[in-house]
Amino acid sequence: MIHFEHIEYLWLLLAVPLLALVWAFYQWRSRRRLEQWADKGMFPRLLPDEKRWRPIAKLTLTLLGLALLIVALANPQFGTKIEKGKRAGSDIAICLDVSNSMMAEDIQPNRLERSKRVISTLLSSLAGDRVSLIVFAGTSYIQMPLTNDYSATKLFLDQVSCDMIASQGTAIGDAIDKAMQTFGYGDPDREWVSNKGRTIIVISDGENHEDDAIDAARNARKQGVSVSTIGMGLPTGTPIPEYSPRGRTNNYKRNKEGSIVMTSLNEQMLRDIASAGDGLYLHAAGASTSLSELTRMIDGLEKEEFGEAVFSQYESRYRWPLAAGLLCLLAEIILFERRNKKIKLFEQ
């Protein structure tokens, strides 16, 4: 299969038939002018050395040469060049809170959308690391197992919403346990080897905490896995907006007594989890600064070789159309429009 490195240059090929039309119009105009003062039967005597096929052949060679040069400029590539290398990186599990409180708009556009943007920016900064995605509310499940396909991870991330888990709450401890599973911890078919090349990142507002997340973070740390947290939201209370199938409504969630439900960032809980997991606590209000600290922490993790990888690359083949194009232009120069009696080249 042919692949072009600069496919946009192929638009220049549209000029080739345009030039052919301009040339045909010019030849027609010249012939009409000649017919105004001489009969067609006199043409062979007036122009004894003219060959009708020669101008057409010269034009064909010129246009073909230009077309081949344009193709060479686009750099056609085909075939494969096999290279072998080793891929190394760290394992990162991202636990994302999808409870209803993450729809609060104390940070714009809301806590969940800000979380997804932070994750997307983090993925763009990675190179060679493997990433898994766990979503949680009152319970948790693995949305994406470990992979280094960041494009696929972003596609899965786009599908995350607060209505994907019916059970409400903030089961951070369960999410940490699921993250450990993506690393292979507890898998009877895999030998667990503790190293410092794995980390868990919990993104949550920390509210409605239901299980022992601190103990889960402490257990993860005993296995060599650090646990960091990113706090989403503000410590001051804010209402949770309600949504209908048509989108955002003007109403807010209310409790059984009819009072508006307020939600606030439980910063202390997230700090305690990060402390137990020997990780970082970062606040989303300073997302850019926090992310740089997080990437530095990830860069400091041990890098593990994931095995040998085979890469297939296209090989450039621009030399062939370039050489053919130059030959066509050279042939056009050598070919005369009229018969040369001394150099009987291209004679019929």
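Values below: every heavy atom of this structure, side chains too, minus hydrogens, waters and symmetry copies.
Contact between Gly279 and Ser228 at its shortest, heavy atoms only, is CA-OG, 3.6 Å. The two residues Ser226 and Met297 come nearest to each other via the heavy atoms OG-SD, 4.5 Å. Considering every non-hydrogen atom in both Pro321 and Leu68, the closest pair reads O-CB, 3.4 Å. Residues Gly138 and Ala171 approach most closely at O-CB, 3.4 Å, considering heavy atoms. The two residues Met144 and Phe156 come nearest to each other via the heavy atoms SD-CD1, 3.2 Å. The two atoms that bring Val202 and Phe136 nearest to each other are CG1-CZ, 4.1 Å, heavy atoms only.
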Handout entry: Gln181 vs Asp177, side chain to side chain donor-acceptor pair (under 3.5 Å): CA-CA, chis, key distance, verdict
Key = CA-CA 6 Å; Gln181 290 180 25; Asp177 291 339; over 6 Å; no
Practice task
Tell me, with the steps shown, if Leu126 and Leu123 meet side-chain contact (heavy atoms from CB on, under 4.5 Å).
Solution key: CA-CA 5 Å; Leu126 300 178; Leu123 292 174; 4.2 Å; yes
Problem - Stepwise side chain to side chain donor-acceptor pair (under 3.5 Å) check, Ser132 with Lys178 - result: CA-CA 10 Å; Ser132 63; Lys178 288 289 197 309; over 6 Å; no
Exercise for the section: Kindly indicate, with the supporting measurements, whether the criterion side-chain contact (heavy atoms from CB on, under 4.5 Å) is fulfilled by Asp97 and Met232. Expected result: CA-CA 9 Å; Asp97 189 350; Met232 282 291 163; over 6 Å; no
Problem - Chi angles and distances behind the side-chain contact (heavy atoms from CB on, under 4.5 Å) call for Met164, Gln143 - result: CA-CA 11 Å; Met164 61 193 313; Gln143 173 82 350; 3.6 Å; yes
Exercise for the section: Test Cys95 against Ile200 for side-chain contact (heavy atoms from CB on, under 4.5 Å), laying out the working first. Expected result: CA-CA 7 Å; Cys95 302; Ile200 298 172; 3.8 Å; yes
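In the hydrophobic clustering of ILVMFWY residues, with side-chain heavy atoms under 4.5 Å counting as a link, Trp23 and Leu69 come out apart. Under a hydrophobic clustering in which Ile, Leu, Val, Met, Phe, Trp and Tyr are joined whenever their side-chain heavy atoms come within less than 4.5 Å, directly or via other members, Ile142 and Phe183 fall into different clusters. Taken together through direct or relayed side-chain contacts under 4.5 Å among Ile, Leu, Val, Met, Phe, Trp and Tyr, Leu282 and Leu122 form part of one hydrophobic cluster. Residues Leu291 and Leu133 share a hydrophobic cluster, clusters being chains of Ile/Leu/Val/Met/Phe/Trp/Tyr side chains in contact below 4.5 Å. Cluster membership for Leu329 and Ile70, using ILVMFWY side-chain heavy atoms within less than 4.5 angstrom, is not shared.
Counting only heavy atoms from C-beta outward, the side chains of Lys116 and Glu113 approach each other to under 4.5 Å. Under the 4.5 Å side-chain criterion, counting only non-hydrogen atoms from C-beta, Thr153 is not in contact with Ile119. Here the side chains of Ser90 and Glu304 are not in contact, with every heavy-atom distance at 4.5 Å or above. Ile176 places none of its side-chain heavy atoms less than 4.5 Å from the side chain of Ile134. No side-chain heavy atom of Tyr318 sits under 4.5 Å from any side-chain heavy atom of His6. For the pair Met180 and Val225, the minimum side-chain heavy-atom distance is below 4.5 Å. The shortest distance between side-chain heavy atoms of Leu155 and Gln159 does not fall below 4.5 Å. Using a 4.5 Å cut-off on side-chain heavy atoms (C-beta onward), Leu157 and Leu96 make contact.
Checked by atom type and distance alone, the side chain of Glu5 never pairs as donor or acceptor with a backbone atom of Gln77 at under 3.5 Å. A donor-acceptor pair under 3.5 Å links the side-chain atoms of Asp174 to the main chain of Ser140, judged by distance alone. Put simply, the side chain of Thr60 gets close to the backbone of Ile56: a donor and an acceptor are under 3.5 Å apart. With Thr170 contributing its side chain and Gly206 its backbone, the two residues share no donor-acceptor pair below 3.5 Å. At least one donor-acceptor pair closer than 3.5 Å links the side chain of Thr62 to the backbone N or O of Lys58. Remark: the backbone N or O of Thr238 is not paired with any side-chain donor or acceptor of Asp106 at under 3.5 angstrom. Of the possible donor and acceptor atoms, none in the side chain of Arg111 sits under 3.5 Å from a partner among the backbone N and O of Asp205.
Rounded to the nearest 0.5 angstrom, Ile230 CD1 and Leu270 CG are separated by 10.0 Å. One distance of note links CZ of Arg117 with CZ of Arg114; it measures 7.5 Å at 0.5 Å rounding. For the atom pair Leu265 CG and Ser204 OG, the distance stands at 8.5 Å (nearest 0.5 Å). Atom CD in Gln168 sits 7.5 Å away from atom OG in Ser101 (nearest 0.5 Å). Residue Ser259 holds its OG atom at 11.0 Å from CE of Met262, rounded to the nearest 0.5 Å. In this structure, CG on Leu61 lies 10.5 Å from CG on Leu327, to the nearest 0.5 angstrom.
A parallel orientation is assigned to the rings of His283 and Tyr281, their planes being inclined by less than 30° (bins at 30° and 60°).
We find that Arg296 and Glu293 are not joined by a salt bridge, their nearest charged nitrogen and carboxylate oxygen being 4.0 Å or further apart.
Residues Asn219 and Gln223 bring no donor and acceptor atom of their side chains to less than 3.5 Å of each other.
Other residues, nucleotides and ligands contribute more than 12 heavy atoms inside 6.0 Å of the CZ atom of Phe4. In this structure, Trp320 places its CH2 atom where only 12 or fewer heavy-atom neighbours from other residues, nucleotides or ligands lie under 6.0 Å away. More than 12 heavy atoms of other residues, nucleotides or ligands shown are found within 6.0 angstrom of NZ on Lys303. Counting non-hydrogen atoms of neighbouring residues, nucleotides and ligands closer than 6.0 angstrom, the OH atom of Tyr141 exceeds 12 such neighbours. Atom CD of Glu191 has 12 or fewer heavy atoms from other residues, nucleotides or ligands within 6.0 Å.
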